[in-house]
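Inspection log for the structure reproduced underneath, given as structure tokens.
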2 protein chains.
Amino acid sequence: MTTASATRPPGHTVRRPLRPTTKVLPGHARQHNRSLVLQGLFHTGPMSRADLARETGLTRVTVSDLVAELLADELVEELGLRPESRVGKPATIVGLRSGAAHIVCLDLSDEACMLGAVLDLSGAVLHRRLAPLNGRTGEAAYDVVVALCRELVSVAGRPVLGVGVGTPGVVDAAGAVLRAPNLGWTALPLAQRLSNDLALPVHVANDANAAALGEHTFGGAAGSGLMVLAVGKGLGAGLLLDGDLHRGHHNAAGEIGHVMVDPRGVACACGRRGCLETILAAPALRARIGGLDRRAANATLASVGRRLGGALALIVGALDLREVVLSGPVDLLGGSLRDAAHSEIRKRSMSIVGDELDLRMTRLGADVVLAGAAVLVLSGQLGVS
Amino acid sequence: MTTASATRPPGHTVRRPLRPTTKVLPGHARQHNRSLVLQGLFHTGPMSRADLARETGLTRVTVSDLVAELLADELVEELGLRPESRVGKPATIVGLRSGAAHIVCLDLSDEACMLGAVLDLSGAVLHRRLAPLNGRTGEAAYDVVVALCRELVSVAGRPVLGVGVGTPGVVDAAGAVLRAPNLGWTALPLAQRLSNDLALPVHVANDANAAALGEHTFGGAAGSGLMVLAVGKGLGAGLLLDGDLHRGHHNAAGEIGHVMVDPRGVACACGRRGCLETILAAPALRARIGGLDRRAANATLASVGRRLGGALALIVGALDLREVVLSGPVDLLGGSLRDAAHSEIRKRSMSIVGDELDLRMTRLGADVVLAGAAVLVLSGQLGVS
DNA sequence: GGCGTTAGTTAAGCGTCCTTACATATCAGC
DNA sequence: GCTGATATGTAAGGACGCTTAACTAACGCC
């Protein structure tokens, strides 16, 4: 392969590519373009076929064809002629039927109680249900999930597009829960089993990852480079880079709760000391400010914020993030903790990166994970996100 | 859009998607599949059309067609019948003609001297040229680049597939150098100008990013999740996540040299104190171990390694990386610094992540950036990486 | 030599998108 | 009200890409 005179760097071996790129057929292109049309309607709202053609770059002919297909699937509907009067033939507006189908969403991040909801295609929450765990784990916890799903499916008035689940633990790309200590799940093929049991498409992701998706699609995240820090009993993060969820080599990306930041810190449940979780998780924070007056509590929260900022500066700097979003108890995170973390990050990073960085609470409140679960389904079933 | 009874999370707004996905035509699919064939030959080596069909998932008919196209382009060649004897008609082996075209590669990371080389398609270095800068910056430095390229193009014995450049500074996806203080470049559309001046395809990336690509494709990087830490006069990093270069919101991903890790540290050229670069850059390291005996020097390097490990643990943990590769002076980085950093990362991260993490020197030595520049061209022109 | 197996090609068909042409419906100006 | 310009949407025909089915070529095995 190499000419004799060539010098070759030492150890110069060629390995297989990582992204196992697969073949693309004309039919896949069709699917992609169909999603493109839906995406346009989803994000920009109702418009004419000609508008869609301009937006997607496809011809009017092709767009008409795709729209006809979507009309047949009852995913979009004609909304009559465009009200404003212009030169030329009046345009027929087509819009996404946000009630065309419903999405069943689960948020399993609460230890005590599973949270379920029915959402429409626009992300609006239509119904809610709670399912207390009462300490059940493993197979029993799975049974709770199935029962909750069945209940929600029966409550949904429309055909169900799919089921989305945000769960704590490590989840692989196929929707199998590799490890979720709190729920007692190990290598549970959750998406596959649920899909079998419910006869519906099921998409599963880590809760913090789902939160990142939700914040991006429904929380109006500004652009590429988003990290959601989910603070609850533990601490997790979800990373959305270049519009894609980053999963990591062991599907453990964002699992920063047990990264040690202070070798002389407090003992952690994981057996080491000074994990980020010993500083930032909700119980730890409540314990530290319990009994303090307002001012002292704020000072304490600010000092935690500064330490968080010190840790985040490295991640923000390495990834050149645009936004860091906090999800969790607003009373703990939303005030001086956030402010201190923000200014600490700015102090520690290069100005271009730091100056434009947003550090804020989630705009979706406690529904981030539900919204993210919906995005999993929208993205998986319709190619919309 | 929302039914009246629906409850909607506060601030629930729908924004436009970030990945501005564009239309896909059948012709694009063809291009993709053509790359798939090349990719197979590049990574797995010569094989028969039938083998390629099995590997790509395409039919033998389609593969034959694609191979015919590649034969006409003289990118691949028939290597005769397969030597081993099996049942059935003997297979005709086709292989990539690594000498079919040459690639002109530039490494601008050295302050004093630009480094250029001609590589073949297998990444072997065929010719080298140096171009001393003698303090030239701005337009004069650009002239050196052009002259170096012209020289290398004239030296290359084959048609030149393209020009790849790894340069310090912030580079956008179009190959424009937004800021490169050392070279005195600001908003220089390097790829575009070079492409005009040379009448060749030109691909430009940050040097550390190029190094990451080079290490991945030619250094046998293990899989998804690679960070290359380029230690020289300054400090930069390149991140390869899920097979894609991560550029960041300001194209500044990996610019961690000026992230502050120690507010009470040494003053940095950037005006702040305790930047990572004040600890890890080559001049700083040399200054610290200068005059020390072997043991003391190793202890010093180990302490730097521990601090590096503390910083890296967060990044490795957040991204769930598989490999961190050091590029730079082996005498400084390759010994106790590396060992200390490695063990510190393991100590600080969750075992699943830390246990499988590799932290090693680059396998390509000083040629990483050149190799990466070649990958830019291979990937951009042939879809191979 | 017959049979099964594998490699590669040829022919026909289907799907996808494009270009071109046309029908439809409005506005602006006379 | 009529005409010309402009814009939307559809119809027909063609180019391209992949597939299936059928065929030829060449080998090992019995």
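Every heavy atom of this structure was used, including side-chain atoms; hydrogens, water molecules and symmetry mates were not. Every chain is numbered from 1, with letters handed out A, B, ... down the list of sequences.
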[X] versus [Y], closest heavy-atom pair with distance:
X: Asn209(A); Y: Leu239(A); value: OD1-N, 4.1 Å
X: Ala210(B); Y: Gly166(B); value: CB-CA, 4.3 Å
X: Leu119(B); Y: Leu126(B); value: C-CD1, 4.3 Å

Practice problem: Please name the residue in the list Val94(B), Ile93(B), Val67(B) that meets the side chain to side chain contact (heavy atoms under 4.5 Å, CB included) test with Glu78(B). | Solution: Val94(B)

Self-check item: Residue-level proximity of residues 28-38 of chain B to DNA chain D when a heavy atom falls under 4.0 Å
Solution: Arg30(B), Asn33(B)

Quiz item: Does anything in residues 67-77 of chain B reach DNA chain D, meaning a heavy atom under 4.0 Å, and if so which residues?
Solution: none

Taking [atom1] from [X] and [atom2] from [N], how many angstroms apart are they, rounded to a whole number?
X: Arg60(A); N: dA11(D); atom1: CZ; atom2: P; answer: 14 Å
X: Leu25(A); N: dT19(D); atom1: CG; atom2: C1'; answer: 9 Å
X: Arg82(A); N: dT8(D); atom1: CZ; atom2: P; answer: 7 Å
X: Glu78(A); N: dG9(D); atom1: CD; atom2: C1'; answer: 10 Å
X: Lys23(A); N: dG17(D); atom1: NZ; atom2: C1'; answer: 13 Å

Exercise. Indicate yes or no: at least one non-hydrogen side-chain atom of Arg34(B) is less than 4.5 angstrom from one of Asp73(B).
Key: yes

Quiz prompt | Close side-chain approach of Leu66(A) and Leu52(A), heavy atoms under 4.5 Å | solution = no

Practice problem: Walking along DNA chain C from 5' to 3', note the first and the last nucleotide with an atom under 4.0 Å from a heavy atom of chain A, and give both. | Solution: dT16(C) to dC27(C)

Qualifying residues under side chain to side chain contact (heavy atoms under 4.5 Å, CB included), relative to [X], sequence neighbours excluded:
X: Leu213(A); value: Leu240(A), Leu245(A), Val375(A), Leu376(A)
X: Arg60(B); value: Ala50(B), Ala53(B)
X: Ala156(B); value: His102(B), Val118(B), Val160(B)

Exercise. Under the side chain to side chain donor-acceptor pair (under 3.5 Å) rule, collect the residues that match up with Thr92(A), sequence neighbours excluded.
Key: none

Quiz prompt | Residues that Arg247(B) engages under salt bridge (Lys or Arg N to Asp or Glu O under 4.0 Å), provided they are two or more places apart | solution = none

Quiz item: Which residues pass the salt bridge (Lys or Arg N to Asp or Glu O under 4.0 Å) test with Arg97(B), sequence neighbours left out?
Solution: Glu77(B)

Quiz item: Going through the distances and angles, do Asn251(B) and Val171(B) end up as a side-chain contact (heavy atoms from CB on, under 4.5 Å)?
Solution: CA-CA 6 Å; Asn251(B) 297 290; Val171(B) 183; over 6 Å; no

Quiz prompt | Residue whose nearest DNA chain D nucleotide is more 5′ - Thr62(B) or Ser64(A) | solution = Ser64(A)

Quiz item: So what does Val61(B) hit on the nucleic acid, given a heavy-atom distance under 4.0 Å: a base, only sugar-phosphate, or nothing?
Solution: base

Exercise. Please determine, by modelled atom types, if Thr62(A) and Asp65(A) share a side-chain donor-acceptor pair under 3.5 angstrom.
Key: no

Practice problem: Check the pair Asn33(A), Thr56(A) against side-chain contact (heavy atoms from CB on, under 4.5 Å), reporting the backbone distance first and the verdict last. | Solution: CA-CA 8 Å; Asn33(A) 291 334; Thr56(A) 58; over 6 Å; no

What pairs of donor and acceptor atoms, side-chain ones from residues 192-199 of chain B against any protein atom, are under 3.5 angstrom apart with sequence neighbours left out?
| from | atom 1 | to | atom 2 | distance (Å) |
| --- | --- | --- | --- | --- |
| Arg193(B) | NH1 | Glu139(B) | OE1 | 3.3 |
| Arg193(B) | NH1 | Glu139(B) | OE2 | 3.3 |
| Arg193(B) | NH2 | Glu139(B) | OE2 | 2.6 |
| Ser195(B) | OG | Leu200(B) | O | 2.8 |
| Asp197(B) | OD2 | Tyr142(B) | OH | 2.6 |

Quiz item: Mapping Ala91(B) and Asp65(A) to their closest nucleotides on DNA chain C, which lands nearer the 5' end?
Solution: Ala91(B)

Write down the protein N/O and nucleotide N/O pairs, taken from nucleotides 28-30 of chain D, whose separation is under 3.5 Å; answer none if there are no such pairs.
| from | atom 1 | to | atom 2 | distance (Å) |
| --- | --- | --- | --- | --- |
| dG28(D) | OP1 | Ser85(B) | OG | 2.7 |

Quiz item: Heavy atom of residues 48-58 of chain B under 4.0 Å from DNA chain C: which residues?
Solution: Ser48(B), Arg49(B), Ala50(B), Arg54(B)

